[in-house]
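The structure under discussion appears below in the form of structure tokens.
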Amino acid sequence: MPSVRSATIVGAGIAGLTAALALARRGIACHVLEQAPALEEVGAGLQLSPNASRILADLGLLEALGARWSEPDHILLSSGRTLAPLASVPAGAFARKRWGAPYGVLPRAALQAVLLEAVHREPLATLTTGRRIDTVEAALAAAPADLVIAADGVWSALRKDVPGALPARYSGTIAWRFLVPCAAAPSVLDPRAVTAFLGPRAHLVAYPLAGAQAFNIVALHAHGQAPAAGWSRSGDAAARSRLLDAFSGWHADLRRLLAEARDPLMWPLFECPDGAWTDGGKVVLIGDAAHAMTPFAAQGAAMAIEDAALLANRLARASGTGPALRQFETSRRERVGRVRSRGAFNRFAYHARGPVALGRDLVLSLRGPESLAGDLDWLYGYRTPD
């Protein structure tokens, strides 16, 4: 019998819905409280690396996801100035064979829909929308339970109820997101790859979204002035000018892509410092509420999914709630810390300039695809401990 028999989950994003499903499969009843009146997409697309898709496969969701995603053949690094290829990591069938699970890209809304459908089918999981929760006490008043799981994102309202938890801070990077219909996409965009174009203090990621018949474009650049917190907003003329300035000197096709973007959304990137994630008894933070990170390793969604799986395992097996939460935090902190370090390295490498960029390109030219894939075994080959 699990030490926790019921949980109230605040937030119905990827972290909250995955946690509800994983906990219910372990015999723990869950009630999800979501402030939005209806679940809507935040962010156009996402990448699901094998460490995340393996967990979703274990939850029985791979067939539903496979109908909504595409599996790129390669993950490419290319020069933003010349379009010259710099490095390639094989994905597709290679990912399934090497890491035992697929690498997929899909609209964020599609993943949320698959998770939501599975939660609705689960007898031990329920969902209430249109219910804003700002405190642990309010969560327990709305849905009494043994434990409150705060999955309410980077600007978590419940974070303040965890002693030692730290508020989100601006990362110094802006991301712009928009879609380009496949029929109108320039030939520099590879429909069978996730491509990261690299340049000084900026990079651009492009990959196809099967369901949308469009390329998801994310353009990231350094921007020192901290904007107001928020998921996204339409950038004004001055912000669009700064975007183009950040990509000055890039290949004309990529500059044109940015200049002609229709309704791009500006997304200031915030992250959470390494504070506490649990009070050791009645509340635990997961996903972005605990450890929001910049997308330089493309692991935000994956870390939320890993959190949900490990938390369910720990709660189902531990003799008490306190030990389960401490074990969860200790294990996840080590893993998330390593992923953060990888993201910091990628940011340095992707945005390098001058001699550092030349050195990066030389090193990459000496590495074969299988060698580069081996560097990712620790990340993509991760399996949730029992």
Side-chain angles (χ1 to χ4, degrees), residues 12-22 24-25 39-76 88-122 125 179-183 185 189-195 205-218 287 295 297-309 312 369 373 376-377 379-384:
I14 292 171
L17 293 175
T18 307
L21 191 58
R25 298 286 175 84
L39 298 187
E40 298 177 350
E41 168 218 0
V42 176
L46 57 79
Q47 302 175 54
L48 284 179
S49 49
N51 48 308
S53 65
R54 177 180 298 107
I55 293 168
L56 298 175
D58 291 342
L59 292 172
L61 305 181
L62 199 56
E63 183 176 353
L65 288 169
R68 304 184 190 215
W69 74 11
S70 60
E71 296 181 35
D73 292 334
H74 298 88
I75 303 162
L76 305 176
S88 173
V89 176
F94 176 92
R96 286 178 175 264
K97 181 178 180 181
R98 184 177 188 106
W99 297 302
Y103 195 116
V105 295
L106 75 169
R108 182 177 292 268
L111 174 57
Q112 191 172 38
V114 168
L115 289 168
L116 184 60
E117 290 165 5
V119 167
H120 282 324
R121 292 193 301 267
E122 186 57 58
L179 297 177
V180 176
C182 290
L189 302 186
D190 188 336
R192 295 300 309 165
V194 173
T195 306
V205 179
Y207 53 85
L209 297 177
Q213 294 298 306
F215 280 89
N216 184 60
I217 308 295
V218 184
Q299 287 294 303
M303 291 300 101
I305 291 167
E306 287 185 12
D307 281 356
L376 296 168
D377 285 346
L379 181 58
Y380 295 164
Y382 173 84
R383 296 180 183 274
T384 308

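Worth knowing before you read on, the calculation uses all heavy atoms, side chains too, and leaves out hydrogens, waters and symmetry mates.
Judged as a salt bridge (charged side-chain N to carboxylate O under 4.0 Å, His left out), and not counting sequence neighbours, R383 has no contacts. Under the side-chain contact (heavy atoms from CB on, under 4.5 Å) criterion, A298 pairs with Q47, not counting sequence neighbours. Partners of A57 according to the side-chain contact (heavy atoms from CB on, under 4.5 Å) rule, which considers only residues two or more places apart in sequence or in another chain, are L62. Remark: R96 pairs with E71 by the salt bridge (charged side-chain N to carboxylate O under 4.0 Å, His left out) rule, at least two apart or across chains. With sequence neighbours left out, D73 forms a salt bridge (charged side-chain N to carboxylate O under 4.0 Å, His left out) with R192. Considering only residues two or more places apart in sequence or on other chains, Q299 meets the side chain to side chain donor-acceptor pair (under 3.5 Å) condition with S49, N51. Every residue two or more places apart in sequence or in another chain was checked for a ring-ring contact (aromatic ring centres under 6.0 Å, His included) with Y207, and none qualifies. Applying the side-chain contact (heavy atoms from CB on, under 4.5 Å) test to A101 and every residue at least two apart in sequence or in another chain returns P50, S53, R54. Taking the side-chain contact (heavy atoms from CB on, under 4.5 Å) definition, one finds that T195 meets it with L76, S78, D190, A193, F197, sequence neighbours left out. Applying the salt bridge (charged side-chain N to carboxylate O under 4.0 Å, His left out) criterion to R98, with sequence neighbours excluded, gives E370, D377. Applying the ring-ring contact (aromatic ring centres under 6.0 Å, His included) rule to Y382 yields no partners; only residues at least two apart in sequence or on another chain are considered. Taking E117 as the reference, R68 meet the side chain to side chain donor-acceptor pair (under 3.5 Å) condition, with sequence neighbours excluded.
Nearest heavy-atom pair, A214 versus C182, reported as atom, atom and distance to 0.1 Å: N-SG, 3.4 Å. Across P107 and L209, no two heavy atoms sit closer than the pair N-CD2, 3.7 Å. Taking all atoms of both residues into account, the shortest heavy-atom contact from I14 to L111 is CD1-CD2, 3.6 Å. Shown here for P191 and P208, the closest heavy-atom pair between the two residues is O-CG, 3.2 Å. Minimum interatomic distance between H74 and S88 (heavy atoms only, all atoms of both residues): CD2-OG, 3.2 Å. Shortest non-hydrogen contact noted between A91 and Y103 is CB-CB, 4.3 Å.
The distance from the CG atom of L17 to the CD atom of E122 is 12.5 Å, given to the nearest 0.5 Å. Put simply, OG1 on T384 and CD1 on I305 are 10.5 Å apart, with the number rounded to the nearest 0.5 Å. D58 contributes atom CG, which lies 11.5 Å from atom CG of L21 (distance to the nearest 0.5 angstrom).
Put simply, the side chain of L59 reaches to within 4.5 Å of the side chain of T18, judged on heavy atoms. Taking the side chain as every heavy atom from C-beta outward, P369 and F94 never approach each other to under 4.5 Å. Within the 4.5 Å cutoff, side-chain heavy atoms of L106 are placed close to those of L46.
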Discussion item. Run the side-chain contact (heavy atoms from CB on, under 4.5 Å) test on L179 and N216 for me, step by step, so that the C-alpha distance in whole Å, both residues' side-chain angles and the decisive distance to 0.1 Å come before the verdict.
Written reply: CA-CA 5 Å; L179 297 177; N216 184 60; 3.8 Å; yes
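Using modelled atom types, no side-chain atom of Q213 and backbone atom of A183 make a donor-acceptor pair closer than 3.5 Å.
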